[in-house]
Amino acid sequence: MFKGFCPETIDFLWGIRLNNRKDWFEAHKQEYLETLYEPMKELGAQVYAPLQAADPGLQLHVSRIYRDARYAHGLPYKDSLWFSIRHDRGYWGEHPCLYFEVLPESYGFGFGLPWPRADAMQGFREAIAARPEPFLELLAQTERDTGLVLSGETYKRPRPCPDPRLVPYFQLKNLLCCRDIPVDEGLFSPALADEVAGTLRGLLPLYQELQRFF
């Protein structure tokens, strides 16, 4: 059962950001396990259970603190930790996922599609242009259920759009619908599990619809 993170969680994350070396990590590994990794697994399991019941194909993945050596650039460890809930369909960054993440200065959770392929985004634009009303109603329902709106990074050159209602979504090169919160007492409360689970449950229809395109 998730009991909340603790101030030592944030101390460790700041520590690894400022001392991203093997000797420092090894000296603080138990702190990492007890205050960050194990609570993240507990939170992930508690959030995942109702989502998995609603969509049995979903899988829970808890990230590792160790960077891929190919992309470490001299920094062997990440200064954040997260879990994702998604269908396993290849490289995670190209497909939709539901997630929770904690960093030294903040935490966040929601829906993310960080690095979709350009051809997949083109297919998405064509699909919503062909049937705009169901897509717009889904976004309205998502906002009613979660208070969140679909956003993301935008192209430098505007994409032509046949429907004025869809202009904001035609300009997105990735898709995000998430809440980012500066570190506060909510991170240290067991109630965080219910908050995250409720938000991700409200985002599940958006996730399920968008995974048809990606």
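Remember, it's a predicted structure, so these values are computed and weren't measured experimentally.
Residues Val62 and Leu43 fall within the same hydrophobic cluster, defined by Ile, Leu, Val, Met, Phe, Trp and Tyr side chains chained together at heavy-atom separations under 4.5 Å. Transitive grouping of hydrophobic side chains (ILVMFWY, heavy atoms separated by less than 4.5 Å) brings Ile181 and Phe188 into a common cluster. Cluster annotation: Val149 is not connected to Val167 through the hydrophobic network of ILVMFWY side chains, with a link wherever side-chain heavy atoms come within less than 4.5 Å. When the side chains of ILVMFWY residues are joined at heavy-atom separations under 4.5 Å, either directly or via intervening members, Leu33 and Tyr66 end up in a single hydrophobic cluster. Clustering ILVMFWY residues whenever any of their side-chain heavy atoms sit less than 4.5 angstrom apart, transitively, puts Trp82 in a cluster other than the one holding Trp14.
For Arg179 (side chain) and Gly108 (main-chain N/O), no donor-acceptor pair under 3.5 Å exists by modelled atom type. The closest donor-acceptor contact from the side chain of Asn20 to the backbone of Tyr77 lies under 3.5 Å. The closest donor-acceptor contact from the side chain of Arg17 to the backbone of Leu103 lies at 3.5 Å or more, if one exists at all. Not one N or O on the side chain of Asp79 forms a donor-acceptor pair closer than 3.5 Å with the backbone of Ile16.
Side-chain contact between Phe5 and Leu13: absent, with no pair of heavy atoms (C-beta onward) separated by less than 4.5 Å. Tyr99 has its side chain out of reach of Arg86: every pair of non-hydrogen atoms, C-beta onward, lies at least 4.5 Å apart. Using a 4.5 Å heavy-atom cutoff, the side chains of Arg117 and Phe214 are not in contact. Side-chain contact check for Val102 versus Val183: every heavy-atom pair is 4.5 Å or farther apart.
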Side chain to side chain donor-acceptor pair (under 3.5 Å) between Thr154 and Gln171, intermediate numbers included: CA-CA 5 Å; Thr154 57; Gln171 311 317 313; over 6 Å; no
Stepwise salt bridge (Lys or Arg N to Asp or Glu O under 4.0 Å) test for Glu38 and Lys3: CA-CA 11 Å; Glu38 292 299 331; Lys3 301 179 180 64; over 6 Å; no
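Partners of Asp55 under the salt bridge (charged side-chain N to carboxylate O under 4.0 Å, His left out) rule, at least two apart in sequence or in another chain, do not exist in this structure. The side-chain hydrogen bond (donor to acceptor under 3.5 Å, both in side chains) search around Glu209 returns Arg212, not counting sequence neighbours.
Between Phe100 and Phe83, the ring-plane angle classifies as parallel under the 30° and 60° cut-offs. Ring geometry, Trp24 versus His28: the interplanar angle falls under 30°, so the pair is classed parallel (tilted spans 30 to 60°). Ring planes of Tyr207 and His87: parallel class, angle under 30° (limits at 30 and 60°).
Shown are Thr9, Asp180, Asp184; of these, the side chain to side chain donor-acceptor pair (under 3.5 Å) with Tyr107 is made only by Asp184. If you run side-chain contact (heavy atoms from CB on, under 4.5 Å) between Pro116 and each of Leu175, Asn174, Leu172, only Asn174 comes through. If you run side-chain contact (heavy atoms from CB on, under 4.5 Å) between Arg201 and each of Leu51, Thr146, Leu98, only Leu51 comes through.
What you find for Phe111 and Pro96 is that their closest heavy atoms are CE1-CB, 3.4 Å. For Pro160 against Phe170, the heavy-atom pair with the smallest separation is O-CD2, 3.2 Å.
At most 12 non-hydrogen atoms from other residues, nucleotides or ligands lie less than 6.0 angstrom from CZ of Arg131. A 6.0 Å sphere centred on CZ of Arg159 holds more than 12 heavy atoms belonging to other residues, nucleotides or ligands.
Atom-to-atom distance recorded for Arg64:CZ and Lys78:NZ is 7.5 Å, nearest 0.5 angstrom. Summarising the geometry, atom CG belonging to Asp145 is positioned 11.0 Å from atom CG belonging to Leu204; distances are rounded to the nearest 0.5 Å. Taking NZ of Lys41 as the reference point, atom CG of Leu60 lies at 10.5 Å (rounded to 0.5 Å). Expressed to the nearest 0.5 Å, how far CD of Glu195 lies from CG of Leu200 amounts to 10.0 Å.
For His61 and Tyr48, the ring centers sit 6.0 Å or farther from each other. For Phe12 and Tyr37, the distance between ring centers is not under 6.0 angstrom.
Judged purely by distance below 3.5 Å, without hydrogens or angles, the side chains of Glu42 and Gln46 never pair a donor atom with an acceptor atom.
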